[in-house]
Amino acid sequence: MLAWCNIRNRGRLSSDNTQTSFVDRYVAKFSDPDVSPVAVRRALPRLQRWQPHPEEPGYYVDRFEAEQHNNTRFWFLDVTYTDQMVKNPLAERASVTMRSQALSSYTLVDHKGRLMLNTAGDPFEPQEKKEVIWVLSVKKNVADFPDWLLDYPEVINTDAVRIRNRTYPPKSLAVAGITIDDYQEENDVEFLPLTLELHYRKATWQTFVPSRGYQERYELERTAGQPPEFAKRRIVLPDQSFPNEPQLLNKDGAWLPRPRPQDVHILKFQIPEDRPFSVLPLK
């Protein structure tokens, strides 16, 4: 494991008619004296090919050399920067493909979000609803396993997300799958191909259900000028019996003995966890 890495000499310059380059020298300390050269390279991704110089705009790593000091935990590093660039797999734009997918779901509300009731004022059984979602496959090369990786399967977006000139509102995208292939190398740059599968749902990935229960909320008697206080009581049907199934409530939690669709309060819940999608490699 890398303990630290510090620069010890900056800037041996070389220049000709075609390019300018310079070498920065670092010293790094590892916790294990038997660390392999490949492990040293992977532990220092910011010093690998095509990474930008921290202080010199327009210069990028062209060469990385590492030598262990007398079988100790210390390594001497020479990092060559140049102003000439070739194709860098880590700089490639994310590849995005889309396809539609039918989704079978059930609903208690109509297209306006109102609860569907029969002529007696009772809700129907959940009705099948054909829905189309969009599946986005985003492919991007990354330098290493991202820090966010283990926190993002099965989550939805807290923020608005822009992908290929289209903005997706909060709660409308869900991470349905993440795939990372083994290390590959191109132009001396090692990378991991990462694929994100995102599901877009126009209605969002929240759950909508009517407010129902066996109790209702009512306001207690109060004196003038005092703030209102509320309590709960069991719902009593017109025949003085207690209901054997949940009853519909309005937005204040009061029982609706003769409900109309517009009076029933629809509750909105979020079951999946949400995360900011700004950390995902979507560009």
Side-chain angles (χ1 to χ4, degrees), residues 94 96-118 121-138 146-179 194-217 230 232 235 245-256 259-283:
V96 181
T97 59
M98 295 179 63
R99 62 179 174 85
S100 62
Q101 178 176 302
L103 178 69
S104 292
S105 60
Y106 293 84
T107 183
L108 293 170
V109 300
D110 63 14
H111 68 288
K112 293 185 178 180
R114 300 176 303 185
L115 185 69
M116 295 183 292
L117 302 175
N118 62 22
D122 295 324
F124 289 100
E125 292 296 317
Q127 300 296 302
E128 186 174 5
K129 176 184 178 182
K130 293 298 184 182
E131 187 177 356
V132 173
I133 65 171
W134 285 94
V135 178
L136 289 77
S137 181
V138 182
D147 293 336
W148 51 262
L149 183 64
L150 300 182
D151 295 327
Y152 271 76
E154 305 298 331
V155 300
I156 62 177
N157 59 314
T158 59
D159 47 355
V161 179
R162 192 163 182 82
I163 304 174
R164 287 294 188 271
N165 300 321
R166 178 182 176 87
T167 300
Y168 298 86
K171 320 295 185 184
S172 65
L173 287 175
V175 178
I178 302 174
T179 303
L194 179 145
T195 301
L196 285 166
E197 183 175 303
L198 307 178
H199 288 184
Y200 166 68
R201 188 184 189 193
K202 186 177 181 180
T204 77
W205 291 103
Q206 296 171 301
T207 300
F208 299 86
V209 294
S211 181
R212 304 172 71 188
Y214 293 96
Q215 300 184 87
E216 67 172 336
R217 183 172 178 262
F230 297 88
K232 291 189 295 184
I235 295 172
E245 62 181 24
Q247 300 294 294
L248 295 169
L249 308 173
N250 67 13
K251 65 181 180 63
D252 298 317
W255 175 44
L256 293 170
R260 298 180 302 170
Q262 60 268 32
D263 296 331
V264 178
H265 186 59
I266 304 298
L267 299 171
K268 179 171 63 176
F269 297 98
Q270 179 181 309
I271 297 175
E273 293 187 34
D274 54 20
R275 298 277 191 279
F277 277 27
S278 55
V279 304
L280 302 181
L282 304 175
K283 298 181 180 179

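The figures here come from the full heavy-atom set of this structure, side chains too, leaving out hydrogens, waters and symmetry mates.
Across every non-hydrogen atom of Glu154 and Ala176, the tightest pair is OE2-O, 3.9 Å. Shortest non-hydrogen contact noted between Leu117 and Arg260 is CD1-C, 3.8 Å. Of all heavy-atom pairs spanning Pro170 and Ala160, the tightest one is CG-N, 3.9 Å. Heavy-atom minimum distance, Leu249 versus Arg212: CD1-C, 4.1 Å. Of all heavy-atom pairs spanning Phe208 and Lys268, the tightest one is CE2-CD, 3.4 Å. Of all non-hydrogen atoms in Pro281 and Val138, the two that sit nearest each other are O-CG1, 3.8 Å.
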Show your working on side chain to side chain contact (heavy atoms under 4.5 Å, CB included) between Asp147 and Val279 and close with a plain yes or no. CA-CA 10 Å; Asp147 293 336; Val279 304; over 6 Å; no
Given the rule in the side chain to side chain contact (heavy atoms under 4.5 Å, CB included) test, do Trp148 and Ile178 qualify, once you have shown the distances and angles that lead to the verdict? CA-CA 12 Å; Trp148 51 262; Ile178 302 174; 3.9 Å; yes
Carefully, step by step, assess Glu197 and Val135 under the rule side chain to side chain contact (heavy atoms under 4.5 Å, CB included). CA-CA 7 Å; Glu197 183 175 303; Val135 178; 3.7 Å; yes
Take Glu216 and Gln247 through the test side chain to side chain contact (heavy atoms under 4.5 Å, CB included) and record every step on the way to the result. CA-CA 9 Å; Glu216 67 172 336; Gln247 300 294 294; over 6 Å; no
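Using a 4.5 Å cut-off on side-chain heavy atoms (C-beta onward), Leu198 and Asn157 make no contact. Side-chain contact check for His265 versus Asn250: every heavy-atom pair is 4.5 Å or farther apart. Looking at heavy atoms from C-beta onward, Thr158 lies in side-chain contact with Pro276 at the 4.5 angstrom threshold.
Annotation: the span from Phe230 atom CZ to Arg217 atom CZ amounts to 4.5 Å, rounded to 0.5 Å. Atom CG of Leu196 sits about 6.5 Å away from atom CG of Leu282, to the nearest 0.5 Å. Atom-to-atom distance recorded for Gln206:CD and Arg201:CZ is 10.0 Å, nearest 0.5 angstrom. Interatomic distance, OG1 of Thr204 versus CD of Gln270, reported as 8.5 Å (0.5 Å rounding). Interatomic distance, Tyr168 OH to Arg162 CZ, rounded to the nearest 0.5 Å: 10.0 Å. Expressed to the nearest 0.5 Å, how far CD1 of Ile133 lies from CZ of Arg99 amounts to 8.5 Å.
Counting only distance, with no hydrogens or angles, the side chain of Asp159 and the backbone of Phe277 share a donor-acceptor pair below 3.5 Å. Counting only distance, with no hydrogens or angles, the side chain of Asp252 and the backbone of Ala254 share no donor-acceptor pair below 3.5 Å.
The aromatic rings of Trp205 and His199 sit tilted relative to each other, their planes meeting at an angle between 30° and 60°.
Ion pair Lys171/Asp274 flagged as a salt bridge, since at least one NZ, NE, NH1 or NH2 atom sits closer than 4.0 Å to an Asp/Glu carboxylate oxygen.
Within a 6.0 Å radius of CD in Glu273, no more than 12 heavy atoms belonging to other residues, nucleotides or ligands are found.
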